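Remember, it's a predicted structure, so these values are computed and weren't measured experimentally. When a residue number appears, it is its place in the shown sequence, counting from 1.
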Amino acid sequence: MITPDEHGFWDYTAPGSGGMERYARDDFLLLLDDMRGANMNSLLVMVKWFTTGYRSRLPFLDQHPSNLLTASDNQLLLDIMDEARKRGIAIWLGAVVNIYHTEKIRSPSWTRVRREISSYDIDSEEIQDHAVEMCRELVTLFPRAAGLLIEVEFCGIEMPHRIPLYNAWAKENGRPSFEQIGRPLNPRLPEISPWRDYTTQRRAELLRKIEQAVKEQGFHGQIATICETGRLPYLVTQDVSLEMLHAACPDLGVVSYECLYDKSRNRFGMMEMAIEEPKRAGMKTYYLPRGVMTYAYPDGWPMPLSLQQSWQMDLEDIARFQPHGVWWFGSGHAGDGMHVHLDRLRQSGFQSGVETRRALLKRIADFQKQ
């Protein structure tokens, strides 16, 4: 049996993602009805990713007038939150807080995510301020949100301006200097634990700032963050020091996942890293399995496992490891994007996003009867 406290879907309104970004009211209502019929009680809507999928007054956030949620001046999501409440479904909001259009940011970027979009580290005061402002705006615009998910994607990478900051921290904490470590830093490799501890502390400081800011706005829901996993041929890793993060942010929940959505390799090691380790650290743990999702990085399409195989293996692992919450990544398809393509769904044996979603819900129901 799978018995998470929260169970539902995770999807994006941000342009370029596919799926929910083109959901009209009827698409949302059909999703909510399908979820209610499956006894699901939680829906996480990512309104900020590489791009912005809600109407914002913040000058550093891009705005796409053709985006349905933006065009509605956010009324579409406000109405859907009311409809979700009628069905006993809580809606979380999620945002990636360190990726922006390059022309809108003064700080040096780590890398170009796309031609005009870059990722930034969170040592930058500008990025920290933007993250806090965005989260404060979200809970103000959507006061009925049940939870807030904060993602800081790629924020553990070293940058030249971070080296003296790290060295000062290392000296204060009796850790080796950057020069003593003597190699490019990747926080997901175990021998670089000092750098991981440093970036974990910086992450925790930002999350505490966000927590204080949203509570000042009257938000009292759950706050969670993604803790990124990694995998090498004989190694599974975690981007943060979970014990350190929990000590700094004791009320914070964490979301983790099987990093490549490929359970054909290191399956149980990845599940231990994604679910067992955060639970062991004392944290409320949410798991993000593959739902209506054809995203295929880095090995391309087709993925090593079919959707049906992934669903079955994830259900087995959820039953084995018992996370506190489960959100299936991808709720359907209303237009192609990075996360879902109709032609790939058809190659998987489905004719639409709704058909795929309902096949997943049936697989979940059948598994529960076993």
* To do: Would you kindly confirm whether Ile2 and Leu307 end up in one hydrophobic cluster when ILVMFWY residues are joined by side chain heavy atoms under 4.5 Å apart?
  => yes
* For Gln370, does the CD atom have more than 12 heavy-atom neighbours from other residues, nucleotides or ligands under 6.0 Å away? -> yes
* **Partner of Lys263 under side chain to side chain contact (heavy atoms under 4.5 Å, CB included), chosen from Glu316, Met271, Gln309** => Met271
* Would you check if Ile91 and Met81 make a side-chain contact, meaning some heavy-atom pair closer than 4.5 Å? => yes
* Please examine the side chains of Leu77 and Thr13, heavy atoms only from C-beta on, and report whether any two atoms are closer than 4.5 Å. => no
* Can you tell me if Glu211 uses its side chain to pair, donor with acceptor, with the backbone of Leu207 under 3.5 Å? -> no
* Say you draw a straight line from CE of Met134 to OG1 of Thr52; how long is it, rounded to the nearest 0.5 Å? -> 6.5 Å
* Asked: Can you name the closest pair of heavy atoms from Thr285 and Pro278 and give their distance?
  -> OG1-CB, 3.3 Å
* Measure the shortest side-chain to side-chain distance between His246 and Leu252 over non-hydrogen atoms and say whether it is less than 4.5 angstrom. => no
* Transitive ILVMFWY side-chain link Leu78 to Leu32, under 4.5 Å -> yes
* To do: Mark yes or no for whether Arg55, through its side chain, and Pro65, through its backbone, hold a donor-acceptor pair below 3.5 Å.
  => no
* Identify, with sequence neighbours excluded, every residue that meets salt bridge (charged side-chain N to carboxylate O under 4.0 Å, His left out) alongside Glu83. => Arg25, Lys86, Arg87
* Do the ring planes of His339 and Tyr295 sit parallel (below 30°), tilted (30 to 60°) or perpendicular (above 60°)? -> perpendicular
* Verify the distance criterion only: is there a donor paired with an acceptor across the side chains of Ser107 and Glu126 at less than 3.5 Å? => yes
* Structure fact -> For Gln222 and Gly253, the nearest pair of non-hydrogen atoms, with its separation, is NE2-N, 3.2 Å
* To do: Evaluate the ring planes of Phe329 and Tyr261, with Trp represented by its six-membered ring, and classify them as parallel (under 30°), tilted (30 to 60°) or perpendicular (over 60°).
  => perpendicular
* Asked: Are a donor atom and an acceptor atom from the side chains of Thr3 and Gln322 found within less than 3.5 Å of each other?
  -> yes
* Asked: What distance separates Ser124 OG from His161 NE2, expressed to the nearest 0.5 Å?
  -> 6.5 Å
* Asked: Are any side-chain N or O atoms of Glu137 and backbone N or O atoms of Arg57, one a donor and one an acceptor, separated by less than 3.5 Å?
  -> yes
* **Pair Trp92 + Trp10: ring centers closer than 6.0 Å** => no
* Asked: Do Asp239 and Arg196 pass the salt bridge (charged side-chain N to carboxylate O under 4.0 Å, His left out) test, and can you show the C-alpha distance, the side-chain angles, and the key distance before you say yes or no?
  -> CA-CA 7 Å; Asp239 230 17; Arg196 181 188 294 110; over 6 Å; no
* Structure fact -> On a heavy-atom basis, the closest approach of Cys135 and Leu148 is CB-CD2, 4.1 Å
* To do: Determine, using ring centers only, whether Tyr286 and Trp327 are less than 6.0 Å apart.
  => yes
* Asked: Are the side chains of Leu29 and Ile80 in touch, meaning some heavy atoms are under 4.5 Å apart?
  -> yes
* Side-chain (Gln128) to main-chain (Glu125) donor-acceptor, under 3.5 angstrom -> no
* Asked: What is the distance from atom CD of Glu21 to atom CG of Asn67, rounded to the nearest 0.5 Å?
  -> 7.0 Å
* **Aromatic ring proximity, centroids under 6.0 angstrom, Tyr257 and Tyr287** => no
* Asked: Stepwise, does the side-chain hydrogen bond (donor to acceptor under 3.5 Å, both in side chains) test hold for Gln201 with Glu205?
  -> CA-CA 6 Å; Gln201 180 173 313; Glu205 290 169 357; 3.2 Å; yes
* Asked: So, Asn98 side chain and Asp121 main chain: donor-acceptor pair closer than 3.5 Å or not?
  -> no
* Asked: Quick check: does any side chain N or O of Trp195 sit under 3.5 Å from a backbone N or O of Gly156, one acting as donor and the other as acceptor?
  -> yes
* Asked: Where do Ala131 and Val97 come nearest, in terms of heavy atoms and distance?
  -> CB-CB, 3.5 Å
* Salt-bridge criterion met for Arg231 and Glu258 (N-O under 4.0 Å) -> yes
* To do: For Glu172, look at atom CD and say whether over 12 heavy atoms of other residues, nucleotides or ligands are found less than 6.0 Å away.
  => no
* Asked: Side chains of Thr225 and Glu151: closer than 4.5 Å at any heavy-atom pair?
  -> no
* Verify same cluster id: Phe28, Leu30 (apolar side-chain graph, 4.5 Å) -> no
* Asked: Do Thr102 and Glu116 have side-chain N/O donor and acceptor atoms under 3.5 Å apart?
  -> no
* **side-chain hydrogen bond (donor to acceptor under 3.5 Å, both in side chains) evaluation trace for Tyr54 with Asp73** => CA-CA 8 Å; Tyr54 75 101; Asp73 200 24; over 6 Å; no
* Return the minimal non-hydrogen interatomic distance between Ser42 and Met35, and the atom names on each side. => O-CE, 3.2 Å
* **Side chain Trp328, main chain Leu288, donor-acceptor under 3.5 Å** => no
* Short side-chain donor-acceptor distance under 3.5 Å, His341 and Trp301 -> no
* Asp317/Arg290 ion pair, N-O < 4.0 Å -> no
* To do: Report yes if the side chains of Met40 and Ile364 come closer than 4.5 Å at any heavy-atom pair, otherwise no.
  => yes
* Structure fact -> Besides Met244, the hydrophobic cluster formed by Ile, Leu, Val, Met, Phe, Trp and Tyr side chains linked at under 4.5 Å, directly or via other members, contains none
* Asked: Quick one: does Gln75's side chain have a donor or acceptor within less than 3.5 Å of a partner on Ser72's backbone?
  -> no
* To do: Measure the shortest side-chain to side-chain distance between Arg344 and Phe350 over non-hydrogen atoms and say whether it is less than 4.5 angstrom.
  => no
* Under 3.5 Å: donor-acceptor pair, side chain of Arg202, backbone of Cys155 -> no
* **For Asp251, salt bridge (charged side-chain N to carboxylate O under 4.0 Å, His left out) partners two or more places apart** => none
* **Gln308-Gln312 side chain donor-acceptor pair, cut-off 3.5 Å** => no
* Give a yes or no on whether the ring-centroid distance for Phe50 and Tyr12 is below 6.0 angstrom. => no
* Do Tyr166 and Thr199 touch side chain to side chain, with heavy atoms closer than 4.5 Å? -> no
* To do: Flag yes if more than 12 heavy atoms outside Lys104 fall under 6.0 Å of its NZ atom; otherwise flag no.
  => yes
* To the nearest 0.5 Å, what is the distance between CZ (Arg144) and CG (Leu93)? -> 11.0 Å
* Structure fact -> Taken to the nearest 0.5 Å, the spacing of Arg175 CZ from Asp197 CG works out to 4.5 Å
* Is Glu276 paired with Arg280 through a side-chain N to carboxylate O contact shorter than 4.0 Å? -> yes
* **Minimal non-hydrogen separation, Ser256 against Cys227, with atom names** => OG-O, 3.1 Å
* After noting the C-alpha distance and the side-chain angles of Lys279 and His324, does the key distance pass the side chain to side chain contact (heavy atoms under 4.5 Å, CB included) rule? -> CA-CA 9 Å; Lys279 287 176 65 178; His324 300 105; 4.0 Å; yes
* **Single-linkage hydrophobic cluster Phe367~Leu305, side-chain heavy atoms < 4.5 angstrom** => no
* So, does Ser119 use its side chain to make a donor-acceptor pair with the main chain of Ile99 at under 3.5 Å? -> no
